[in-house]
Amino acid sequence: MSQETLLSSLIVVAVMLLVAFPVHEFAHALTAYRLGDSTARLFGRVTLNPIAHFDVLGGGLFAVSVLASGGAFGFGWAKPTPVNPLNLRNGRQSEALVAAAGPLANLILAVAAAIPLRYLIANPELAVNLGLLTDVLAIFVQLNIILMLFNFVPVPPLDGSKVMLALVNPRTAWQLRPILEQYGIFLLFILFFFPPGGSIGGQILRPILDAIFRLLVGI
């Protein structure tokens, strides 16, 4: 790994942990509060303060995975936002909105970073002179798209499971929930770590990631 790639990855790790992760969890907390649940507010989580959302293990794994992959991949998490679905208005629909708020916040961050990145790509001479900034923006956009897509996978404990359960009829949700919650971790392991080097989940998400990235940055 070149020194420039290492520096870009280090900067992005810092920005993700200080901005992207807190924004993701803040979106969950604020949406829950607006929909009637004050649990996250009582725990001091309706805030953008990164300390309130930082998880040592999740943040550490994210830093290691980003640095090891040269910014191509990031796996980690922030401290989960506490939500009591019984306090939410409109039941399962509100629970789905709270769950979707986090990944959608990552998409918004990716769009915001893609705007200056598109300008740099459209001006190659400027991009060369600001190579570090270009690399940082590109990695930041990609990692936020990855987090958005990964979190929308409909398997617990990911946000997508709550969205999916809200879309199916109540009886089906009642039948699926205990099964998914019991075996969710195993399903995620099979999806994203088997077979090694070419996981099923990776093969599904990679084309979607590439398509969204190209759409956002205009290449």
Side-chain angles (χ1 to χ4, degrees), residues 16 20-21 23-32 34-37 39-40 45 53 55 57-58 61-62 65 73-111 141-196 198-213 215-216:
M16 292 293 293
F21 278 27
V23 167
H24 178 109
E25 297 303 330
F26 170 76
H28 284 313
L30 180 62
T31 305
R34 292 290 177 86
L35 292 175
D37 179 33
T39 306
R45 301 296 299 281
H53 304 289
D55 181 275
L57 178 59
L61 283 175
F62 182 79
S65 61
F73 174 75
F75 175 77
W77 58 87
K79 189 185 299 181
T81 297
V83 176
N84 186 347
L86 298 178
N87 293 334
L88 296 171
R89 297 187 295 272
N90 302 320
R92 294 189 306 144
Q93 289 72 26
S94 292
E95 189 176 4
L97 289 174
V98 172
L104 291 177
N106 288 117
L107 177 60
I108 292 172
L109 289 174
V111 172
V141 170
Q142 177 165 289
L143 290 179
N144 273 285
I145 297 173
I146 289 173
L147 289 178
M148 185 266 293
L149 292 175
F150 181 71
N151 275 286
F152 268 136
V153 172
V155 178
L158 302 178
D159 299 319
S161 63
K162 297 181 177 64
V163 176
M164 180 198 67
L165 291 173
L167 295 177
V168 301
N169 63 69
R171 179 179 176 82
T172 302
W174 181 79
Q175 293 173 331
L176 285 177
R177 188 183 294 270
I179 298 173
L180 290 175
E181 289 181 350
Q182 182 175 2
Y183 298 107
I185 295 297
F186 299 103
L187 290 173
L188 287 176
F189 181 82
I190 292 172
L191 277 174
F192 292 98
F193 294 96
F194 181 82
S199 68
I200 300 169
Q203 293 183 45
I204 294 172
L205 295 185
R206 172 55 65 177
I208 303 174
L209 164 65
D210 292 340
I212 296 175
F213 185 86
L215 176 65
L216 293 182

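These numbers were taken from a predicted model, which means no experiment stands behind them.
- Taken to the nearest 0.5 Å, the OG1 atom of T39 stands 9.5 Å off from the CG atom of L86.
- With values rounded to the nearest 0.5 angstrom, I146 atom CD1 is found 10.0 Å from F213 atom CZ.
- Residues satisfying the side chain to side chain donor-acceptor pair (under 3.5 Å) criterion with N151, sequence neighbours excluded, are absent altogether.
- I212 is listed as a side-chain neighbour of I208, based on a closest heavy-atom distance under 4.5 Å.
- Considering only heavy atoms from C-beta on, N90 stays 4.5 Å or farther from L35 through its side chain.
- Within the structure, the ring-ring contact (aromatic ring centres under 6.0 Å, His included) test picks out the following pairs touching residues 77-96 (sequence neighbours left out): F75-W77.
- Contact check for N144 versus M148: no side-chain heavy atoms found under the 4.5 Å cut-off.
- Taking the side chain to side chain donor-acceptor pair (under 3.5 Å) definition, one finds that H28 meets it with H24, D159, sequence neighbours left out.
- For the atom pair CG (L107) and CD1 (I145), the distance works out to 7.5 Å, reported to the nearest 0.5 Å.
- Looking at residues two or more places apart in sequence or on another chain, you find a ring-ring contact (aromatic ring centres under 6.0 Å, His included) between F62 and F21.
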Let me check something: any side-chain donor-acceptor pairs from residues 178-196 under 3.5 Å, sequence neighbours excluded? List them with distances.
none

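- Under the salt bridge (Lys or Arg N to Asp or Glu O under 4.0 Å) criterion, the residue pairs touching residues 200-212 are R206-D210, with sequence neighbours excluded.
- Expressed to the nearest 0.5 Å, how far CG of L158 lies from CE of M164 amounts to 11.0 Å.
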